[in-house]
Protein chains: 2
Amino acid sequence: MSGSTSADARRVAALDRVLEVTVLLGRDMTSSLAASGLTVARTTLLWQLRATGPSTQRALADALGTSARNVTGLVDGLAGAGLVTREPHPTDRRATLVTLTARAEELLSGMAVEQAQLADQLFGGLSPERLDGLVSALDEVLGRLRPLVPDGAAS
Amino acid sequence: MSGSTSADARRVAALDRVLEVTVLLGRDMTSSLAASGLTVARTTLLWQLRATGPSTQRALADALGTSARNVTGLVDGLAGAGLVTREPHPTDRRATLVTLTARAEELLSGMAVEQAQLADQLFGGLSPERLDGLVSALDEVLGRLRPLVPDGAAS
DNA sequence: TATTGTTATACTCTATAACTATA
DNA sequence: TATAGTTATAGAGTATAACAATA
């Protein structure tokens, strides 16, 4: 398409690396969240709430790129765990505002710390120049990747 | 832990990029596989078989880092779709050898082509130097990440 | 005794469709 | 009419535990 065979092989090698990182990070997240009784899907919803503040379930469904039905289930689980509450919407009586509890805020703060520690572990060995190169390369890749994917939020 | 605040922020920024790539690639794969009536879990098993040849379900469970019960279900689905068969193990009558069908081999060859095209789309805009820098940075990150994750195969 | 793969059971994530209450 | 969220139903992935057949 646009290069020699060896250049193609290099790109495939890069994609292989990215896919392996994807698989391993997924496992790491799943298992470390399981220790807190959480799942990736529920935690994604919590992070979205932390970023945007109290939200309707419809807004959450759009942001997460999932169905309204699914959000009902996720919120049910989180409410049962005492991490969110359903508050009445001030002007629209059809809607509910999903809101983080204080416990969830604390939990998320702790997770942010853990995430920074993970970032340190993973990237601490790279020089500032290589780290910047990595970030800019990933930004370029993201620019190509985003249009390929239907839509939804990319926390 | 090992750097200034701004260096920490840079590392967190890098992790954010990686996580976004993870999310978007997952969606891209899920939706493109769904078009073929496949799921990510089942396709992972097919790729494993392609890499290693006919395997027992126990070997697949270990390679995929999942339970034997789960492999039974995945193989059931793939067998129903005509993509694998269960053959008797030549020496161990407890075990079965899961084997790709010709149709699965063709399907996987097509997927390999699509993957190369995706690699071209994502990385085609990077100079050879930047691409090499990306790959070597990811290799270093993988070296840190692998020990953090329980175990199992990484595609 | 240990191992392979199955059945039994259960939970989570996900989707579509029908329905209720509101806009 | 359209929208927010629920109930109904269904399928896929995952896990543990108990069990049968075989090593």
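Letters A, B, ... are given to chains in the order of the sequence lines, protein chains preceding strands, and every chain is numbered from 1.
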- Distance, nearest 0.5 Å, that separates CG of B:Leu97 from CZ of B:Arg86: 12.0 Å
- Note on the structure: d(A:Thr39 OG1, A:Met29 CE) to nearest 0.5 Å is 10.0 Å
- Query: Tell me: CG of B:Leu45 to C1' of D:dG13, nearest whole Å?
  - Reply: 13 Å
- N or O in side chain of B:Ser67 less than 4.0 angstrom from D:dT14 OP1/OP2: no
- Item | A:Arg69 side chain near D:dG5 phosphate (N/O to OP1/OP2, under 4.0 Å) | no
- Message: Using whole Å, what does the distance between atom P of nucleotide D:dG13 and atom CG of B:Leu60 come to?
- Response: 14 Å
- Item | Whole angstrom value for the distance that separates P of D:dA17 from CG of B:Asn70 | 16 Å
- Query: Taking A:Ser55 for the side chain and A:Gly53 for the main chain, is one N or O donor matched with an acceptor at less than 3.5 Å?
  - Reply: yes
- Going by heavy atoms in the side chains, are B:Leu78 and B:Leu38 under 4.5 Å from each other? yes
- Query: Is a side-chain donor or acceptor of B:Thr101 paired with a backbone partner of B:Thr99 at a separation under 3.5 angstrom?
  - Reply: no
- Task: Figure out the CE/C1' separation between B:Met29 and D:dG13, and round it to whole Å.
- Result: 15 Å
- Check the distance between C:dT12's C1' and A:Leu64's CG and give it to me in whole angstrom. 15 Å
- Message: Categorize B:Thr44 for me: base, sugar-phosphate, or nothing, with a 4.0 angstrom heavy-atom threshold over every strand shown.
- Response: nothing
- Query: What is the distance from CG of A:Leu38 to P of C:dT12, rounded to the nearest Å?
  - Reply: 12 Å
- Message: Looking at B:Arg42, I'd like to know whether one of its side-chain N or O atoms comes within less than 4.0 Å of OP1 or OP2 on D:dG13.
- Response: yes
- From CG of B:Asp92 across to C1' of C:dG5 the rounded distance in Å is 11 Å
- Nearest heavy-atom approach of B:Phe123 to A:Arg11 is CD1-O, 3.6 Å
- Item | Phosphate OP1/OP2 of C:dT12: any A:Thr39 side-chain N/O under 4.0 Å | no
- Message: Between P on C:dC13 and CG on A:Asp76, what's the gap in Å once rounded to a whole number?
- Response: 11 Å
- Please check the phosphate of C:dA15 (OP1 and OP2 only) for any side-chain N or O of A:Thr66 closer than 4.0 Å. yes
- Message: Of the listed nucleotides (C:dT6, C:dT4, D:dA4), which one gets closest to any side-chain atom of B:Gln57?
- Response: C:dT6
- If only atom types and distance count, is the side chain of A:Arg144 paired as donor or acceptor with the main-chain N or O of B:Gln121 below 3.5 Å? yes
- Message: Does B:Leu60 form a side chain to side chain contact (heavy atoms under 4.5 Å, CB included) with B:Thr66? I'd like the steps, not just the answer.
- Response: CA-CA 8 Å; B:Leu60 289 169; B:Thr66 188; over 6 Å; no
- Which ones in residues 77-87 of chain B lie close to DNA chain C, meaning a heavy atom under 4.0 Å from one of its atoms? B:Arg86
- Task: Tell me whether the OP1 or OP2 atom of D:dG5 has a side-chain N or O from A:Arg94 closer than 4.0 Å.
- Result: no
- Item | Sugar-phosphate, base or nothing in reach of B:Thr91, heavy atoms under 4.0 Å | sugar-phosphate
- Message: Looking at C:dT4, I'd like to know if its phosphate oxygens (OP1 or OP2) sit under 4.0 Å from a side-chain N or O belonging to B:Thr56.
- Response: no
